[in-house]
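Have a look at this one.
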Amino acid sequence: MSYSEEDMLMLSGIQHYVFCPRQWALIHLEQQWKENVLTIEGMLLHQQVDNPAYRAKKGDKITLRRVALASQTLGLTGFSDAIELQPVETSEDAILHPSYPGYWKPIPIEYKRGKSKPNRCDEVQVAAQAICLEEVYGIHIPKGMIFYHEEKGREEVVIDDELRRFTQQCANDMHQIYRSGTTPPAVYSTHCSRCSLYDLCIPLLSSKQDVKDYLTQSLYEEAT
């Protein structure tokens with residue numbers, strides 16, 4: 001399937017979708033947003049990263065920031081945090097850069113404020129960026145990287161067939177929800193209390209729990 005330019009959704013939203021489809025819909029469908037300390041920390045981190053004029057050469061590697069990306073198969077468009085260009089000897093799965101002679105293998109790098117997660121929301125965002133680059137240049141990108149600020153280190157993401165299928169399915173589901181105009185119901189979990197949209201989502205009440213149970217749980221969370 002190929003999505004048109006009018007169908008494009010935000011690339012960054014796929015991370016929200018995997019974390020919580022309802023959160024993604026509240027942000028990208030209902031246009032709701034609210035900050036908390038975690039989102040502000042993430043915003044401050046990306047202020048240091050998202051400079052499209054930034055070009056850095058360290059050793060034999062080059063880093064580009066905030067590179068525009070798009071994929072018709074995913075129907076997503078947005079920007080990368082960083083693309084690292086690694087020099088290679090041949091043109092296979094490599095690109096040319098107008099400012100730097102030779103062949104370069106692009107590696108998408110995503111910056112996150114926290115630490116590695118048990119789910120695949122960060123990995124999917126990197127995979128989506130790789131798919132965008134592959135479509136533009138007709139190459140294959142086998143891996144990407146995530147830099148976790150809390151851990152002060154990179155984690156390699158292997159972009160295998162399973163992750164590619166999962167990324168495509170998530171993108172298709174996002175488009176289906178967007179076309180329907182219906183926000184998914186809440187599914188309460190332990191992650192909800194850390195979400196900046198908690199008071200807008202009201203996950204306990206939205207999950208059709210008894211109002212008394214909802215108020216009791218809310219008072220407990222405030223006390224703790």
Side-chain angles (χ1 to χ4, degrees), residues 8-19 27-28 38-88 91-117 119-160 163-164 166-167 170-171:
M8 292 288 180
L9 299 175
M10 289 182 64
L11 173 62
S12 60
I14 198 166
Q15 191 264 357
H16 296 139
Y17 179 82
V18 177
F19 177 76
I27 297 170
H28 298 273
L38 300 179
T39 62
I40 292 172
E41 288 177 355
M43 179 185 67
L44 293 174
L45 171 63
H46 279 84
Q47 282 180 351
Q48 302 173 37
V49 174
D50 293 341
N51 180 0
Y54 180 90
R55 300 289 185 272
K57 194 172 189 300
K58 185 177 182 180
D60 58 354
K61 298 177 182 178
I62 298 167
T63 301
L64 312 175
R65 297 275 173 85
R66 195 169 171 78
V67 177
L69 300 172
S71 164
Q72 288 188 313
T73 59
L74 297 176
L76 301 177
T77 184
F79 297 89
S80 69
D81 280 350
I83 303 295
E84 185 174 271
L85 302 181
Q86 300 180 353
V88 290
S91 61
E92 183 180 1
D93 290 329
I95 68 172
L96 297 172
H97 192 284
S99 301
Y100 308 104
Y103 298 109
W104 303 90
K105 187 177 290 292
I107 307 294
I109 303 174
E110 184 67 19
Y111 286 76
K112 298 296 181 185
R113 59 154 295 282
K115 56 186 178 180
S116 182
K117 301 177 180 63
N119 58 43
R120 309 200 77 176
C121 58
D122 294 341
E123 295 178 13
V124 165
Q125 191 170 2
V126 173
Q129 293 174 13
I131 291 169
C132 290
L133 290 167
E134 289 174 340
E135 286 188 26
V136 172
Y137 294 104
I139 60 176
H140 175 73
I141 298 176
K143 68 177 182 179
M145 297 285 182
I146 304 171
F147 179 87
Y148 287 104
H149 188 261
E150 190 171 321
E151 297 176 342
K152 304 296 183 185
R154 290 183 177 185
E155 179 177 299
E156 182 175 294
V157 178
V158 177
I159 307 172
D160 56 19
L163 181 55
R164 291 172 185 274
F166 182 58
T167 302
C170 289

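Values below: every heavy atom of this structure, side chains too, minus hydrogens, waters and symmetry copies.
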Task: Step-by-step side chain to side chain donor-acceptor pair (under 3.5 Å) determination, E135 to T73 - done: CA-CA 9 Å; E135 286 188 26; T73 59; 2.3 Å; yes
Task: Positive for side chain to side chain donor-acceptor pair (under 3.5 Å) with K112, one of E155, Q125, E150, H149 - done: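 Exactly one candidate clears the test, Q125.
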TODO: Mind listing the closest non-hydrogen atom pair of I141 and A130 along with its distance?
DONE: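 Nearest pair, atom of I141 first, then A130: CD1-O, 3.8 Å.
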- [ ] Decide whether Q86 and E84 meet the rule of one side-chain donor and one side-chain acceptor closer than 3.5 Å.
- [x]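 Yes.
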Task: Steps toward side chain to side chain contact (heavy atoms under 4.5 Å, CB included) verdict (H28, M10) - done: CA-CA 8 Å; H28 298 273; M10 289 182 64; 3.8 Å; yes
Open item on the list: Testing the basics here: between W104 and V88, what is the closest heavy-atom pair and its distance to 0.1 Å?
Closed with: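 Answer, listing the atom of W104 first, then V88: N-CG2, 4.1 Å.
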- [ ] Measure the shortest side-chain to side-chain distance between E151 and S116 over non-hydrogen atoms and say whether it is less than 4.5 angstrom.
- [x]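 The answer is yes, as the side chains (C-beta and beyond) meet within the 4.5 Å cut-off.
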Open item on the list: Donor-acceptor pair, distance only, cut-off 3.5 Å: does the side chain of D81 make one with the backbone of I109?
Closed with: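 Looks like no, no N/O pair under 3.5 Å.
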TODO: Report yes if some heavy atom in the side chain of L9 is under 4.5 Å from a heavy atom in the side chain of L76; otherwise report no.
DONE: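 Counting from C-beta outward, L9 and L76 do come under 4.5 Å.
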- [ ] Indicate yes or no: at least one non-hydrogen side-chain atom of Y100 is less than 4.5 angstrom from one of I62.
- [x]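 SC-SC contact between Y100 and I62 confirmed.
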Task: Carboxylate-amine/guanidinium proximity below 4.0 Å for K143 and E156 - done: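 Here K143 pairs with E156 in a salt bridge, since their nearest N and O are under 4.0 Å apart.
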Open item on the list: Less than 4.5 Å apart, side chain to side chain, heavy atoms only: is that true for L69 and L133?
Closed with: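 They are in contact (side-chain heavy atoms under 4.5 Å apart), so the answer is yes.
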Task: CD1-NZ distance between I146 and K115, expressed to the nearest 0.5 angstrom - done: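 These two atoms lie 15.0 Å from each other.
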- [ ] Work out which heavy atom in C121 is nearest to a heavy atom in K117; give both atom names and the distance.
- [x]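 Smallest interatomic distance, heavy atoms only, reads SG-CD, 3.6 Å.
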Open item on the list: For a side chain to side chain contact (heavy atoms under 4.5 Å, CB included) check, start with the C-alpha distance between V124 and L163, then their side-chain angles and the critical distance, and finish with the verdict.
Closed with: CA-CA 7 Å; V124 165; L163 181 55; 4.1 Å; yes
Open item on the list: If you compare all heavy atoms of T167 against all heavy atoms of A127, which two are closest, and at what distance to 0.1 Å?
Closed with: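 Nearest heavy atoms, T167 then A127: OG1-CB, 3.5 Å.
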Open item on the list: Counting C-beta onward and ignoring hydrogens, is there a side-chain heavy-atom pair between I159 and P142 closer than 4.5 Å?
Closed with: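 The answer is no; the side chains never approach within 4.5 Å.
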Open item on the list: With heavy-atom distances below 4.5 Å as the criterion, would you say the side chains of F79 and L11 are in contact?
Closed with: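 They are not in contact (no side-chain heavy atoms under 4.5 Å apart), so the answer is no.
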TODO: Step through the shown structure and confirm whether more than 12 heavy atoms of other residues, nucleotides or ligands are within 6.0 Å of OH on Y103.
DONE: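 Counting other residues, nucleotides and ligands, OH of Y103 stays at 12 neighbours or fewer.
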Task: Taking every non-hydrogen atom, the tightest pair across L74 and A171 - done: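 In this case the closest contact between L74 and A171 is O-CB, 3.5 Å.
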Task: Sole candidate of S71, S12, S80, P106 that passes side chain to side chain contact (heavy atoms under 4.5 Å, CB included) when paired with Q129 - done: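 Running side chain to side chain contact (heavy atoms under 4.5 Å, CB included) over S71, S12, S80, P106 with Q129 returns exactly one hit, S80.
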Task: Donor-acceptor side-chain pairing of Y137 and D93 below 3.5 angstrom - done: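 Their side chains do not contain a donor-acceptor pair, so the 3.5 Å distance test is not met.
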- [ ] Work out which heavy atom in C170 is nearest to a heavy atom in V18; give both atom names and the distance.
- [x]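 Closest heavy-atom pair between C170 and V18: SG-CG2, 3.8 Å.
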Task: side chain to side chain contact (heavy atoms under 4.5 Å, CB included) between I139 and I95, intermediate numbers included - done: CA-CA 8 Å; I139 60 176; I95 68 172; 3.9 Å; yes
TODO: For the pair E134 and R164, find out whether any cationic side-chain nitrogen is under 4.0 Å from an anionic carboxylate oxygen.
DONE: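 The answer is yes: the pair qualifies as a salt bridge.
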TODO: Find out whether the Lys NZ or Arg CZ of R154 is both under 6.0 angstrom from the six-membered ring centre of F147 and within 45° of the ring's axis.
DONE: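 So R154 doesn't make the cation-pi contact.
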Open item on the list: Do L85 and H97 make a side-chain contact, defined as non-hydrogen atoms from C-beta onward lying under 4.5 Å apart?
Closed with: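 Yes; the side chains approach each other to less than 4.5 Å.
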Open item on the list: I want to check something: taking the side chain as every heavy atom from C-beta on, are D122 and Q15 in contact at a cut-off of under 4.5 Å?
Closed with: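 Answer yes - side chains close enough.
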Task: CD1 on I131 to NE2 on H140, rounded to 0.5 Å - done: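 Here the rounded value is 10.5 Å.
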